[in-house]
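We count residues from 1, following the sequence as given. Computation of the quantities below employed the complete heavy-atom set of this structure, encompassing side-chain atoms and omitting hydrogens, waters and symmetry-equivalent molecules.
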Amino acid sequence: MKADLILMISPEAPLMKQLGKVLGKLCTPYDFSTIEIGEKYVTIRHDETGLVVAYTSEERLNVKH
């Protein structure tokens, strides 16, 4: 699935804070539907706007299997 936006999350830049800046309003996890949970990325869709966002963290990207 292609994402409209890819975000790198961290304790200093949490997901909902970043999404709030992008969407211009306060966001909660309840505003989104999970589309896919992959090994490195999680893909979600904003229910109101349809914006598709993939997010990850440095820890997830550096996981070795």
Side-chain angles (χ1 to χ4, degrees):
M1 159 120 325
K2 286 192 173 186
D4 299 316
L5 181 65
I6 298 174
L7 297 175
M8 178 72 71
I9 61 170
S10 69
E12 298 80 25
L15 179 62
M16 289 302 136
K17 184 174 180 180
Q18 290 187 54
L19 288 170
K21 287 182 180 182
V22 169
L23 295 170
K25 62 181 180 177
L26 182 64
C27 294
T28 69
Y30 300 109
D31 297 326
F32 295 85
S33 299
T34 302
I35 297 172
E36 180 181 357
I37 300 175
E39 185 178 319
K40 296 188 183 252
Y41 291 91
V42 176
T43 307
I44 58 176
R45 176 181 291 123
H46 187 243
D47 295 333
E48 187 178 315
T49 64
L51 179 72
V52 177
V53 179
Y55 67 90
T56 191
S57 64
E58 282 189 40
E59 292 80 21
R60 258 187 117 131
L61 286 176
N62 292 326
V63 170
K64 304 232 189 289
H65 289 282

For the side chain of [X] and the backbone of [Y], is there at least one donor-acceptor N/O pair under 3.5 Å apart?
X     : Y     : answer
Lys40 : Leu61 : yes
Glu48 : Asp31 : no
Glu36 : Tyr41 : no

query = Checking side-chain contact (heavy atoms from CB on, under 4.5 Å) against Val53, which of Leu7, Asp4, Ile6 comes through?
reply =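 Result: among Leu7, Asp4, Ile6, Leu7 is the only option passing the side-chain contact (heavy atoms from CB on, under 4.5 Å) with Val53.
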inquiry  = With clusters defined by side-chain heavy atoms of hydrophobic residues (ILVMFWY) lying less than 4.5 Å apart, directly or transitively, does Leu15 cluster with Val42?
reply    =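 In one cluster with Val42: Leu15, yes.
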ask   = Would Phe32 and Val22 show up in the same hydrophobic cluster when neighbours are defined by side-chain heavy atoms closer than 4.5 Å?
value =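 Linked within one cluster.
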Any idea which heavy atoms bring [X] and [Y] closest together, and the distance?
X     : Y     : result
Arg60 : Glu39 : NE-O, 3.4 Å
Tyr30 : Asp47 : O-OD2, 3.8 Å
Thr28 : Met16 : C-SD, 3.6 Å

Measuring from [X]:[atom1] to [Y]:[atom2], what's the distance to the nearest 0.5 Å?
X     : Y     : atom1 : atom2 : result
Ile44 : Ile35 : CD1   : CD1   : 8.0 Å
Met8  : Thr56 : CE    : OG1   : 6.0 Å
Ile9  : Glu59 : CD1   : CD    : 8.5 Å
Gln18 : Ser10 : CD    : OG    : 7.0 Å

